[in-house]
Amino acid sequence: MDLVIALSPLLAVGFGGLMLMLAEAFGKPSEEGISKTTGDVVDAGAGRGAELGLGASVVLIAGAVMAVGVWIVGPETLEGVADVAPYLLIDRFSLFFTFVLCLGGAFTALLGGGYLPEHRIDRSEFFPLVLFSTFGAIALAMSGDLLSLFVGLETMSLGVYCLIGLRRGSARATEAALKYFLLGSFAAALTLFGAALLYGATGHTDLVGIGEAVATIGQPDSTVAAMPVLLALALTLAGLGFKVAAVPFHQWTPDAYEGAPTPATAFMAAVVKTAAFAILLRVLLVGFGEERLMSWGTGWPPVIATLAVLSMTVGNVVAGRQESVKRMLAYSSIAHAGVALVGVAATIRSTEDATASVLFYLLVYTVSTAGAFGALILCGSRGAEAVSYEDLAGIAKRHPAAALAFSLFLLSLAGFPPTAGFFGKLYVFQSAIDSELYVLVIIGLVNSLIGAYYYVRVMVYMYMREPVPGAPVAKPMSSGMVTSAIVLAALLVLGLGILPGVSLDMAIAAAARGG
Amino acid sequence: MGMDGLFSIFPPEDFTLLCVILGLPLLGAFVNGVFGKRLGKEAVSLMALVAVGGSFMASCAAFFMLMQRQTETEAARFVWHGWKWLDISGNGDFQIPIEIAFSVDALSGGMALIVTGVGFLIHLYSTEYMAEDDGFHRFFAYLNLFIFSMLVLILGDNLPVLFIGWEGVGMCSYLLIGFWFTEEANAVAGKKAFVTNRIGDFGLLVAMALLVWHVGALDWQGIEAGANNLLTPIKIYPLGNGVPAWLPDFIRGPLTPEDPRGVRVTAATLVGFALFLGCAGKSAQLPLYVWLPDAMAGPTPVSALIHAATMVTAGVYLCCRMAAVFVLSPATMATIAIVGLATALLAASIAFAQNDIKKVLAYSTVSQLGYMFIGIGVGAFATGFFHVITHAFFKACLFLGAGSVIHAMHARIHDVDRSQDMRNMGGMRNFMPITHLTFLASCLAIAGLPLTSGFFSKDEILFKAYTSTIATPQVSDGEWIDRSTQVTWPAMQAWTPPEDLGRWIYTLALLGAVMTAFYMFRLYFRVFWGEFRGWTIVRGWVAPAGGHHGHDDHEHDSDEPLDGPKPHESALQITVPLVVLGVLAIFAGGLNAHAFFHSHLFDDWVAPVLATASSSVGEIEGAKEMMMPLLLPGIGAFAIGVGGAYWVYVMQRGEPAASFVEKVPWLHRIVYEKWRVDELYEETFIGAVDTLGDMAVWVDQYVVDAVVARVTSFAVAASGTILRTMQTGRVHAYGAVMVAGLGALGWFFIAPQAVVTVLADDDSGVYSVTASPGLGYQYRWDEDGDGELDSDDFGDKARVDVQLGRSEVRLVQVEVKNALGFRSIEQIGLFRPQRDGASDGLAGAAQEAKEAADSAAKSQKALQDIQRVLQQAGGNLPGAGKQPAPKPVGGAP
């Protein structure tokens, strides 16, 4: 029973996905909805986007609530937890991530429930896919073993490949899906190869065992060779760097983000990235947390720091050159991955504080970016999508609420107080300063300035520009589900910005038990 | 039972009643702001009234609970701690936690009563006054939000929370000034209020920073407890310590810290001035008063509530709050009193010549605020604060009465400007008896008719100005050494004000009292007495050319009534608040009637809160006996002012004023145009800012745009373009980049990384050199610096300790071999300084030496470089600079 309670978030999402799939398979297509919302495709369950989206979001919010419940009960007190370790580790670290991932998934489901019917791609497989993908993401965040890691990674990714290609008729979407699939498989292969090397070198697949085996290297009676471990580290970093979209493993991002339906883009930016960071932290701190591998000169921290600098700089510089807001947000997500990597590099000295800062940053980023994509969805409707800056010109006059919400999320992404984004950046840079990574902090701050430019630029267009006469302008859609997602995200953005204490304390508790 | 029951629900240390007081107006603002449009006017009014009324009742409950707990000597204080907001680093190695916390004591409790009580009356009034307005719900949402912000300001338990409220009321004020934002003038007025207040807020922020540094606290109790730390001298001139040697002597001289012309003040003076700058902005004192008269462009209830009764007195409230800080600096106190006096006189003189009924009241408000600051400046905090309360009653009543008149006029004229012009009024007492009586009551109170509230509060201020003295604080006992420059300063004395300052203030403030009585009754007689002059003006009426700009009463040639409704008394929602406030304006003085009734309820009530501050305030000999002699001139001032107004405007029907204007038109003109202060600011400050702006534009255009921006934008654009060309869209190109990235990662782990940290201890001469550990790494060393590695075999020794003699230089080498057998050599230059005492500086030299070795890497040249650096450092030992000892970089946690 203990085990069921401990696994309840994961089980809820999994069963919810199955139920939804059944409901979809046996459900009748909505009569009046078909022609209006699904275009030429008539599947079972087509045109039921609103209902299924609501169902999926309820399931995911239930998952988040269960994660909170297990947190309150205390995973240490549940005895059955040891039975599934190390394949699934139920600790505060994974519970924190479970909560964030469910939240991100719920945003996606709500956005999808409004977006898909509006844009006539109301095909109901979207929602079970979101649930299964989130299931994989949670399993990934929970895994403490290379086998479950890989299974979780693939479960998550397969769903996302399909989500990207949801718009079947569109060459662009198909291309994006295929690209992500090919490169993703490549990255997965790298990870798998790294795992194989690790198993070969250490004889372990569980991260704790690997960590212990690596620690014996250099001792006279050690049977573990250093070189395979180092190569495995490089391969794992490349594989996970792909999932978090760190430069130079980022190039799929803009294409995939742009080609995918916007809710799926939000899913990739929020859920996939967060889950990848979860496992990245776990692998680096547990599997490669050995003193010599965490040293500044010769371990992974300088590599992570380099990836962070590259991601922030390339992400921000190129984002500033984009004309499409969606593509801009894609590059901005690369830059944000860079900031989170700064926090990962900062684990070098103040391990727990830095881990906590990454956790908090991911929570903040999930909320802000889901909100931003939500606002982008809200600003457009079928035939009048919000794509470029020009589309958004003067939208504040026509639809002040949509513009206000968008501005709030942009300010949070840019890191202005009193939004959540400010404290997210603040804590990451603070822990980097504690670890004496001053250069990294300075580069981060300069990048924040560059970032502010293109975020504020959107606001300038919304509030201060008039649309060119005759040019197409975005016309906001009306959807209760999208609105409620935005309101929820806005409350969280402001709440986390005004009251960062509670969630930060939780992040610290999670870091203390998980790292 | 009742009180005990209340105390069991709301214990003083967790006083959640404050959440009710604060929460209701916020709820009202939320409901009206979000749903107001759909709710309809009745529901909006009900919501707004219930919110403020409920808050008022809760404030009353809190007030009675305070009365129950407060004793003569000990102040009662109820606190509610919300949550920790943030930590600020203090001066030294400790954190100052800033809480979202609220507290209520005698001072804030009284103020909260005024804000919610008067606020409620004005809300009630507004339900009728704004009934026709399209933005009804928006108006009430703002008004409720204002009440909430004002309560945050008052009840906040520390300066940052107060600052939130401070900014909040400011924001509501701008929103309400610009409520009819379609009108250009209102938008401009809102902007002006915004800019002026920013200057004041800057002062408040500076004060907070200084308090954090010198006192180490920002909450009221902490500031009061640590206020004496502010009695430290601070050098304010010359600034800084380092003076470039190449400057000519006549410039260098005054800039050196040893210069005898150096100026010092106490930290208390700096904090006091900064705080007062903030208060002067919010409470419209010289030189920042210019926004308030323009702010009356907003709806009249807003003028009554925000720009007369509550928000503008926030500065006075803050002064009382921080009284313990202000009394430590006699210079600040004297400045406050003089600024208050100057403001009071200047504003009163402007009020003489205005024709707009609201303008007169606006300048009267500025003038009365000046009186409050006179009270603060002479150390009569309780009296100054009492004037805040009486002023809230009579000035709110005056504004609301004026609103009632304007409302009646507007129904006839339909023109905002003309329905506020006194020249179109007259005889209103026949049409509006209740408005007339309440207006008269308030006029009498502000002019200081004996036994009215204004008499007791204003004349008490005058009395205190004459008799109070501020004790000179003891600043420093003896010589004092500046920590950073090591320069010794002589003992410092605090500035003492001249002895007859009090007498001057008294005399001039008396003059102001005459002026107040005169201009108020000029207003009263012209509006309510005589004949109604508005008959000729009706809807669609166009002024004959030039007529509109005439400065006097030549517009009523015909008394023939034209079409249009007669002015009539306003509805009950307007008259009830008027009556309540009018009664209070007459009788509230009884709370603190020292002069005739020896009643000092109010003084006793706030005395425990102000105890610390009051201990520094004394009075001259024989002050008690002077009360009556000093009071009589005050009564005389009232009689002269009112009598003069009666003679000029009733008996002579304004003829003396008209002929005076004809004789010295320039004087009238300049007073009418408000002494041209706005124009002066326009020419000087704004002109200077404009010039600065022009220069900035020039620099921007020809330096930044032409050179800097081109270069950077080219660099960014070029890199962006290059990176974009890499974004080809071809999947195999992406794959190739990934492989390249993986290759770089792999290369990093395969290549040996020789990274070294040095821990220097110059005193013992032991330098430990540590090579960064790596998986499968082995090391061999050259410890003795002979250029040859000591052993042919690699070992596990990752750290060597080198012992150096004085002034010894050594080049240590380490070779690293990794698991694949790749090798790398690193050289480290070490140097031990010649003598002790300069260890700081020379550790820096060792650091420099190491850096030189790093940069010249792996050749004999490194040795030469080290020697050169060391010679420079050695030859100039004391000037080697203050570099901290090198800290280890990297290493495992």
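So that the names make sense, note that chain A is the first sequence line, chain B the second, and so on, each numbered from 1.
- In this structure, chain B has heavy atoms under 4.5 Å from both the backbone and the side chain of A:Val214.
- In this structure, no portion of A:Leu178 lies under 4.5 Å from any heavy atom of chain B.
- Pairing each heavy atom of B:Gly741 with each of A:Pro248, the nearest pair is CA-CG, 3.7 Å.
- By the neighbour-count criterion of 12 heavy atoms within 6.0 Å, atom OH of A:Tyr161 is densely surrounded, having more than that number from other residues, nucleotides or ligands.
- Listed options B:Leu775, B:Asn818, B:Asp796, B:Ile100 were ranked by heavy-atom pairs under 4.5 angstrom with chain A; first place goes to B:Leu775.
- A:Trp300 has its side chain out of reach of B:Leu745: every pair of non-hydrogen atoms, C-beta onward, lies at least 4.5 Å apart.
- For the side-chain hydrogen bond (donor to acceptor under 3.5 Å, both in side chains) condition, the pairs that include at least one residue of residues 236-250 of chain A, sequence neighbours left out, are A:Ser157-A:Lys243, A:Tyr180-A:Lys243.
- For the atom pair CG of A:Leu230 and CD1 of B:Ile750, the computed distance is 8.5 Å after rounding to the nearest 0.5 Å.
- Within the 4.5 Å cutoff, no side-chain heavy atoms of B:Phe749 are placed close to those of A:Leu231.
- In this structure, no portion of A:Leu437 lies under 4.5 Å from any heavy atom of chain B.
- Other residues, nucleotides and ligands contribute at most 12 non-hydrogen atoms within 6.0 Å of the CZ atom of A:Arg172.
- Other residues, nucleotides and ligands contribute at most 12 non-hydrogen atoms within 6.0 Å of the CZ atom of B:Phe30.
- Only the side chain of A:Phe186 comes within contact range of chain B, judged by heavy atoms closer than 4.5 Å.
- Using a 4.5 Å cut-off between heavy atoms, A:Pro301 does not touch chain B at all.
- Contact record, A:Ala187 with B:Met738: CB-CE, 4.2 Å, taken as the closest heavy-atom pair.
- Between A:Asp255 and B:Tyr734, the closest side-chain pair of non-hydrogen atoms falls below 4.5 Å.
- The neighbour count for A:Arg457 CZ, taken as heavy atoms of other residues, nucleotides or ligands under 6.0 Å away, is above 12.
- Side-chain N or O atoms of A:Ser295 include one that pairs as donor or acceptor with a backbone N or O of B:Pro773 at under 3.5 Å.
- Heavy-atom minimum distance, B:Phe748 versus A:Gly299: CE2-O, 3.4 Å.
- Heavy atoms of A:Leu182 lying under 4.5 Å from chain B belong exclusively to its side chain.
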